[in-house]
Amino acid sequence: MTDQSDSSRRHSSKVVDGVGKSAGRAMLRAVGFTDDDFTKPQVGVASTWSMVTPCNSHIGELAEHARDGADRAGGKGVIFNTITISDGIANGTEGMKYSLVSREVIADSIETVAGCEGFDGLVAIGGCDKNMPGCMMGLSRLDRPSVFVYGGTILPGKGHTDIVSVFEAMGAHSRGDIDRIELKNIEETAIPGPGSCGGMYTANTMASAIEALGMSLPGSSAQNAVSNDKRDDCEAAGEAVLELLKRDIKPSDIMTRQAFENAITVVIALGGSTNAVLHLIGMARTTGVDLSLADFTEIGKRVPVVADLRPSGHYMMSELVAIGGIQPLMKLLLEAGLLHGDCLTVTGKTLADNLAGVEGYPDAQEIIAPLDKPVKTESHLRILYGNLAPEGAVAKITGKEGTHFRGTARVFNSEEEAQAGINDATVVAGDVVVIRYEGPKGGPGMREMLTPTSAIMGRGLGNDVALITDGRFSGGSHGFVVGHVAPEAFDGGPLALVEDGDVITIDAESNTIDVAIGGEELERRHAAWQQPAPRYTKGVLAKYAKLVSSASTGAVTDD
């Protein structure tokens with residue numbers, strides 16, 4: 001073997017070239033490398049395949065298609081795995097504390113494998129909430145030519161149902177509206193096969209954001225999980241990495257400030273998940289781009305919500321796929337001057353170039369409204385400030401819940417306490433449910449509150465109860481909900497000082513969240529407050545709690 005000067009092999013050549021690398025080549029021969037393969041750029045394919053969740057159960061096959069695409073284009077594809085967890089399974093349990101933590105573990109693991117093995121480029125395939133931003137953070141840290149592939153959306157269940165239908169059916173059963181047989185029927189039919197949860201929940205939100213960011217091939221975010229289109233997308237991604245290697249186009253060339261603004265714009269237009277705020281800020285900080293909560297407010301002033309998609313709307317992602325996905329929407333936004341068309345993408349072309357030949361939506365469709373007749377004239381993602389959230393909080397207010405809520409605090413120190421209070425009717429109309437000590441450090445892990453919000457909906461209190469927390473919400477949560485309250489209660493934030501009966505006002509027009517307590521009283525309560533002991537002292541949750549930043553800065557661990 002002789003050293004190669006090909007710039008597209010600057011990482012792998014250090015691992016396999018020359019007499020001194022004979023041992024490494026010997027190892028690779030045992031996994032299928034030939035003499036010719038040692039002269040090719042190596043493309044690592046990060047697979048999130050797992051039996052843990054239907055979101056990722058098909059990704060093993062997709063990874064093989066990505067590898068084959070890289071091989072056909074003149075590279076050597078190498079598949080490796082990273083982890084995934086299931087929010088849908090873990091929600092409402094202690095295990096959910098590992099969910100946001102998994103984002104950091106995924107980023108760490110991709111960086112670790114690719115950094116060790118000397119891959120020249122990467123394809124990462126994600127299919128569930130945390131493994132998508134986790135993949136993106138890993139690719140960003142490495143900054144080698146890369147393409148992200150979305151695993152695709154699930155199809156609707158019987159009766160137009162999905163995973164949120166099951167959670168809300170649980171609440172309806174608790175109230176006595178449906179019996180055990182009806183609940184079991186929904187349980188058995190709502191999840192018909194592989195793919196990510198079917199509404200504009202966090203997975204489909206983040207897939208759309210990453211495509212708008214320019215890090216996925218056009219159309220990747222709006223394809224059914226089991227389809228020829230998705231297999232073709234994976235093969236094309238493997239091929240695209242070789243072209244990126246030739247042109248030395250890296251994530252840092254694509255993931256610019258303007259590209260993140262494009263991602264925020266598309267998330268707002270689609271009515272996407274509040275988790276996009278946390279993840280996009282986290283991804284930006286990893287990339288070295290200055291992005292803050294204030295950017296969501298500023299962009300939200302000029303971008304309308306135009307998608308009638310679940311959880312607040314009617315339609316599912318598979319129905320948006322059927323009318324053309326998000327590409328026609330992006331073209332509309334570009335023509336309206338709401339996107340930066342000169343941003344580079346993984347095609348090697350600009351966003352405007354990619355959209356040039358895209359056709360509009362069919363005339364008869366009702367999923368995407370015209371920009372001049374939107375679902376909501378401004379963003380549904382509201383960044384709130386006030387004496388309860390000096391660093392900010394994030395609400396998803398579509399307008400269907402109203403824009404103002406005033407009620408009395410019903411305080412719980414954990415998700416489990418709150419769930420019990422909802423189920424036993426302790427929570428009543430007019431309450432503001434406060435769930436605290438569930439933040440990044442306090443949880444630790446910032447659990448999603450899908451189970452409590454679904455129970456509130458299932459009990460018919462969706463219009464009469466608000467919920468605020470230093471935890472997060474699932475993309476499937478809806479109702480008058482405010483999360484990411486910062487500083488979190490564990491750090492002595494004002495949420496820790498709220499007592500039952502305090503009057504809380506949430507205003508999504510003035511973007512404020514306040515408790516009716518004077519400054520002197522807040523100071524008195526703070527002086528009497530004692531920080532609780534950490535819930536975990538060993539293991540990954542304890543490490544995370546020691547390292548993690550505030551939700552207002554993306555809850556990252558490498559800041």
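Start at 1 with the first residue, then count along the sequence.
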State whether a side-chain donor-acceptor pair under 3.5 Å links Asp129 with Tyr201. no

Considering only heavy atoms from C-beta outward, does the side chain of Lys441 approach that of Val548 to under 4.5 Å? yes

Using every non-hydrogen atom in the two residues, find where Ser474 and Thr202 come nearest and quote the distance to one decimal. C-OG1, 4.3 Å

Does Ile513 form a side-chain contact (heavy atoms from CB on, under 4.5 Å) with Tyr385? I'd like the steps, not just the answer. CA-CA 6 Å; Ile513 179 168; Tyr385 295 92; over 6 Å; no

Hey, what do you get for CD1 (Ile468) to CD1 (Ile435), rounding to the nearest 0.5 Å? 9.5 Å

So CE of Met317 and CE of Met200: to nearest 0.5 Å the spacing works out to 4.5 Å

Between Asn131 and Gly127 (side chain of the first, backbone of the second, donor and acceptor by atom type, cut-off under 3.5 Å), is there such a pair? yes

Correct closest heavy-atom pair for Thr256 and Cys343 would be OG1-SG, 4.3 Å

For Lys546, is there any backbone N or O sitting under 3.5 Å from a side-chain donor or acceptor partner on Lys543? no

Quick one: pull up CG in Leu270 and CG in Asn204 and give me the separation to the nearest 0.5 Å. 9.5 Å

Does any donor atom in the side chain of Ser477 or Thr453 lie under 3.5 Å from an acceptor atom in the other side chain? yes

May I ask you to decide whether Glu188 forms a salt bridge with Lys184, counting only side-chain N to carboxylate O separations under 4.0 Å? yes

Within the side chain of Ser109, is there an N or O that forms a donor-acceptor pair under 3.5 Å with the backbone of Ile106? yes

Backbone N/O of His484 and side chain of Asp470: donor-acceptor pair under 3.5 Å: no

Does the side chain of Ser140 come under 3.5 Å of the side chain of Thr286 through a donor N or O and an acceptor N or O? no

Checking Ile504 against Val434 for the side-chain contact (heavy atoms from CB on, under 4.5 Å) test, could you report, in this order, the C-alpha distance in whole Å, the side-chain angles of both residues, the deciding distance, and whether it holds? CA-CA 10 Å; Ile504 294 173; Val434 176; 3.9 Å; yes

If you draw a 6.0 Å radius around CG in Asp424, do more than 12 non-hydrogen atoms from other residues or ligands fall strictly inside? yes

In Å and rounded to the nearest 0.5 Å, what is the CE to CG distance from Met283 to Leu213? 5.5 Å

Could you go through Leu497 and Val515, starting from their C-alpha distance and side-chain angles, then the distance that decides it, and tell me whether this counts as side-chain contact (heavy atoms from CB on, under 4.5 Å)? CA-CA 10 Å; Leu497 312 180; Val515 59; over 6 Å; no

Apply side-chain contact (heavy atoms from CB on, under 4.5 Å) to the pair Tyr536 and Lys97, showing each step before the final yes or no. CA-CA 11 Å; Tyr536 287 83; Lys97 293 181 177 181; 4.3 Å; yes

Please report the closest heavy-atom contact between Val482 and Ala395, naming both atoms and the distance. CG2-CB, 3.9 Å

Working to the nearest 0.5 angstrom, can you tell me the gap between Phe412 CZ and Leu467 CG? 9.0 Å

Is it true that the side chains of Ser220 and Glu211 contain a donor and an acceptor less than 3.5 Å apart? no

Please lay out, stage by stage, how Glu488 and Ser550 fare under the test side chain to side chain donor-acceptor pair (under 3.5 Å). CA-CA 8 Å; Glu488 63 177 287; Ser550 168; over 6 Å; no

Side-chain donor-acceptor pair under 3.5 Å between Ser196 and Thr153, yes or no? no

Establish, from distance only, whether the side-chain atoms of Arg257 and His340 form a donor-acceptor pair under 3.5 Å. no

Does the pair Gln419 and Thr451 meet the rule for a side chain to side chain donor-acceptor pair (under 3.5 Å), with working shown? CA-CA 7 Å; Gln419 186 64 30; Thr451 302; 5.3 Å; no

Heavy atoms from other residues, nucleotides or ligands near CD of Gln531 exceed 12 (cutoff 6.0 Å): yes

Keeping Arg410 on the side-chain end and Asp431 on the backbone end, is there a donor-acceptor pair under 3.5 Å? no

Side chains of Phe473 and Lys396, heavy atoms from C-beta outward: is any pair under 4.5 Å? no

Does the side chain of Val266 reach to within under 4.5 Å of the side chain of Leu339, using non-hydrogen atoms? yes

Modelled atom types, side-chain donor and acceptor of Asn56 and Ser50, under 3.5 Å: no

For Arg459 and Ser174, which I'm curious about, is there any donor-acceptor pair between the side chains at under 3.5 Å? yes

Determine whether the side chains of His478 and Glu168 contain a donor N or O and an acceptor N or O closer than 3.5 Å. yes

Strictly distance-based, threshold 3.5 Å: is any side-chain N or O of Asn91 a donor or acceptor partner for the main-chain N or O of Asp87? yes

So does Lys130 pair up with Glu448, basic N to acidic O under 4.0 Å? yes

Would the Phe480 and Phe405 ring centres measure less than 6.0 Å apart? yes

Mind checking the CZ-OG1 spacing from Arg141 to Thr112? Nearest 0.5 Å is all I need. 8.0 Å

Could you go through the side chain to side chain donor-acceptor pair (under 3.5 Å) check for Glu319 and His160 one step at a time? CA-CA 11 Å; Glu319 293 165 304; His160 208 243; 3.0 Å; yes

Glu104 and Thr557: side-chain donor and acceptor closer than 3.5 Å? yes

Donor-acceptor contact below 3.5 Å, side chain Arg382 vs main chain Asp507: no

Taking only Lys NZ, Arg NE, NH1 and NH2, and the carboxylate oxygens of Asp or Glu, determine whether Glu438 and Arg472 approach each other closer than 4.0 Å. no

Could you report the tightest heavy-atom contact between Val101 and Gly445, atom names first, then the distance? CG2-CA, 4.3 Å

Shortest non-hydrogen contact from Ala418 to Val433? CB-CG1, 4.5 Å

Quick check: closest heavy atoms across Arg535 and Asn413, and the distance to 0.1 Å? NH2-O, 3.0 Å

Where the side chain of Asp464 meets the backbone of Gly430, is there a donor-acceptor pair that is under 3.5 Å apart? no

Just by distance, no angles: are the side chains of Ser549 and Asp559 close enough, under 3.5 Å, to form a donor-acceptor pair? no

Side chain to side chain donor-acceptor pair (under 3.5 Å) assessment of Ser165 paired with Asp162: CA-CA 5 Å; Ser165 306; Asp162 62 8; 3.2 Å; yes

